[in-house]
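These numbers come from the heavy atoms of this one structure, side chains and all, not from hydrogens, waters or symmetry mates. By convention in this document, chain letters (A, B, ...) are assigned in the order of the sequence lines, proteins followed by strands, and residues within each chain are numbered from 1.
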Protein chains: 2
Amino acid sequence: MPTIIDVAKKAGVSIKTVSRVMNNQTNVKETTRERVHLAMEQLDYSPSDAARQLRTGKSLAIGMLYSDPSSGYQSRLNHAMMQACSDAGRYLVVGLFEEHGGSWQQQLEAFIERTKVNNIILVPPMCDSSILQEYLFNRGIQFVLMSPSHTAPKVSSVSMDDQMAAREMTQHLLDQGHKRIGHIAGDPAHIASFLRRRGYEEAIVSMGLPRPGNDLVIDGQFDFRRALAAAETMLSGDNPPTAIFAASDDMAAAAYMAAGRLGLAVPDDVSVVGFDNISIAGTIWPSLTTVAQPFDDMAAECIRILRNASSDDSSRPAPELVVVPHKIIVRSSCTAPAN
Amino acid sequence: MPTIIDVAKKAGVSIKTVSRVMNNQTNVKETTRERVHLAMEQLDYSPSDAARQLRTGKSLAIGMLYSDPSSGYQSRLNHAMMQACSDAGRYLVVGLFEEHGGSWQQQLEAFIERTKVNNIILVPPMCDSSILQEYLFNRGIQFVLMSPSHTAPKVSSVSMDDQMAAREMTQHLLDQGHKRIGHIAGDPAHIASFLRRRGYEEAIVSMGLPRPGNDLVIDGQFDFRRALAAAETMLSGDNPPTAIFAASDDMAAAAYMAAGRLGLAVPDDVSVVGFDNISIAGTIWPSLTTVAQPFDDMAAECIRILRNASSDDSSRPAPELVVVPHKIIVRSSCTAPAN
DNA sequence: TTGTATGCGTTATCAG
DNA sequence: CTGATAACGCATACAA
């Protein structure tokens, strides 16, 4: 493995100059810079993380702490985050908030002590703790909030627009000619449920249609069984909807089952759309039209923000509030209503 | 942060002695060893990974390369592996085999060059490549095979026993009194499909029941739609099974839907069991009895093997062939047959 | 604009 | 059994 010394020799300069070039510092003649770059390429040189880290005390690790390792959300986020880290030449160190492991702050403190990370990603529900934010801020640790319920003033955050996504999903249904669209809502405790519901209502009202009432909007609480009951109630009513928008794919699957039980075909008798794009959504039949949370892009944004922050020596860079565009995945569970 | 020097001072010894104690080396008087341990505890000392790495050239990173980032299997494995790494004080670096990125060996080579990992986990389908194994072996890189189709002679591997799991799952059905049990098999291209099917047949035959024929075993190829057709065929036949064992949870979900379409209730009219324990299995209703692949334990075993291997200075340690016990998750999709 | 010299916290050599 | 000291590869204070 070539070292900085080899590069310096090859380029006919001192190691300090090579160092300057590597870190994009000023005070290097342009021709010299090029010569160094050439030498680095020819030797296929890449700096040693270990040495760098030893010298600067800054780790390339990025910490992410979560509280529910079994959730599908977290699992997919991990996946995306790992990929993003890998792409950025950094690596992810994960930690778990234990139910009975003391206060969040204590656990965060212990994690930092143990791993020595100085970049952290805070995911729900921890990202909504102002205590944690305060602590990290005071300690000078760079951090990003992932999908916080409320954006904080001085802190960078990355999220998607649940409300807009729900609105577009509903619009998609309206565009196909549906006039009566049911909504199986999520757990009201989650802010996302609220936003998705609002987006759904907005789309409908903005088309001049009446605001949907209790016959069309039922709480499913992200629970399969409740959603099943909700869908059955809707579909067996007097004036059943021609389409159902479930606030999660799990609940959309429940709508599939309710339709089957009632002898209704999806999508011919009733269209169904979901939210999440869980892995089964594409393999189930008919394949489910749904909203894909842009995990990959959100992860990449988190890493980018953290990188910028730590490369910037001068104090704290301005916080960024990034909203990543989602994607509507149109598949075959949705068609124009009969007649 | 205390360093080795602080510990040495506190214990009244030289740093070399502290180093010896840390690395469990010989030639230290027992009382001295204790004194050092005490000092380390009192100072809450932990060695610097960066320095260690710089000095030894050995990275704490563990590499894992995969080819299908969107698969649920991979996503769950990642998750488990990250956790295991974190627990072991190491970290995971992931890489992706690109479809058109050159041969596997070239890509593996590039990954190693770039990340400098010297511990690698090979997952399906790469774990079955003897070329890759040979390459890593010659290069002196420690590696473990994850769920290989065939265990290799000189290489450690970690897997679960698909056949045994399928056999137990089927036995569970038999124990409840089922005599006619259908099987929706997976893609014959996967060795796991074959093993699961064999386990199913074994259980049935060993009870003195006739070996199931083509009316009871249908290929679903891990495809929802095919599985749906298969389940409908079985359940609408002359002598329908009272229980269906699907080789994946996705396909079990298809069986649910087929039952619903035919006006059959799960589990009262037909029991359904699956394989994988995907996240929806517990939330769907009735919740699905299934086989849980022991991702966490398998991941932990991989890391353990790698750790042992790299701490062992003397040549190459003996390869281990670990089979991790699986778990049958009994939920509510399965009951005794009617009458 | 460029170079020299020192130290980050370990491990390892070799001499007691 | 123990210890002084030299690396490992990089960044930087300081000198030129």
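- Scanning both residues, B/Ala11 and B/Arg35, for their nearest heavy atoms gives O-NH1, 2.6 Å.
- Close placement of the B/Tyr73 and B/Phe295 rings is indicated, their centers lying within 6.0 Å of each other.
- Nearest nucleotide to the A/Ala51 side chain, out of D/dC10, D/dG3, C/dT10: D/dC10.
- Between the CZ atom of B/Arg20 and the C1' atom of C/dT10 there is a distance of 14 Å, rounded to whole Å.
- In this structure the side chain of B/Gln142 never reaches within 4.5 angstrom of the side chain of B/Ile120, judged on heavy atoms.
- The base of D/dA11 has none of its N or O atoms less than 3.5 Å from a complementary donor or acceptor on the side chain of A/Lys16.
- B/Arg52 contributes no side-chain N or O that forms a donor-acceptor pair with the base of C/dT11 under 3.5 Å.
- Of the listed nucleotides (D/dC10, C/dT11, D/dT12), D/dC10 has the atom at the smallest distance from the side chain of A/Ser48.
- Taking the side chain of B/Asn23 as heavy atoms from C-beta on, and the options D/dT2, C/dT11, C/dT10, the nearest nucleotide is C/dT11.
- One atom, CD1 of B/Ile5, and another, P of D/dT5, lie 13 Å apart when rounded to the nearest Å.
- A/Met1 places its CE atom 19 Å from the C1' atom of D/dA7, with the value rounded to the nearest Å.
- Between A/Thr17 and the phosphate of C/dG3, there is a side-chain N or O to OP1/OP2 separation shorter than 4.0 Å.
- Across the protein-nucleic acid pair, A/Asp49 atom CG and D/dC8 atom P stand 18 Å apart, rounded to whole Å.
- The environment of A/Lys9 atom NZ is sparse: at most 12 non-hydrogen atoms of other residues, nucleotides or ligands sit within 6.0 angstrom.
- Of the side-chain N and O atoms in A/Thr3, none sit less than 4.0 angstrom from OP1 or OP2 of D/dG9.
- Taking 4.5 Å as the limit, every side-chain heavy atom of A/Tyr45 sits out of range of all side-chain heavy atoms of A/Asp6.
- Rounding to whole angstrom units, CG of residue A/Leu60 and P of D/dA11 are separated by 11 Å.
- The side chain of A/Gln25 has D/dT12 as its nearest neighbour among C/dA12, D/dG9, D/dT12.
- Phosphate proximity of D/dT2 to B/Thr32: present, with a side-chain N or O under 4.0 Å from OP1 or OP2.
- Set against C/dT10, D/dA11, D/dC8, the side chain of A/Ile15 has D/dA11 as its closest nucleotide.
- Taking atom CG of residue A/Asp6 and atom C1' of nucleotide D/dC10, one finds them 13 Å apart after rounding to whole Å.
- B/Met22 places its CE atom 13 Å from the C1' atom of C/dA12, with the value rounded to the nearest Å.
- Applying the 4.0 Å criterion to OP1 and OP2 of D/dA11, one finds that A/Ser19 has a side-chain N or O inside that range.
- Atom pair B/Ile4:CD1 and D/dC8:C1' shows a separation of 15 Å (rounding to whole Å applied).
- Judged by distance alone, with hydrogens and angles left aside, A/Arg55 brings no side-chain donor or acceptor close enough to the base of D/dT12 to form a pair under 3.5 Å.
- B/Phe111 and B/Phe97 have their aromatic ring centers separated by at least 6.0 angstrom.
- Where B/Leu54 and B/Glu30 each meet DNA chain D at their nearest nucleotide, the meeting point lying more 5' is that of B/Glu30.
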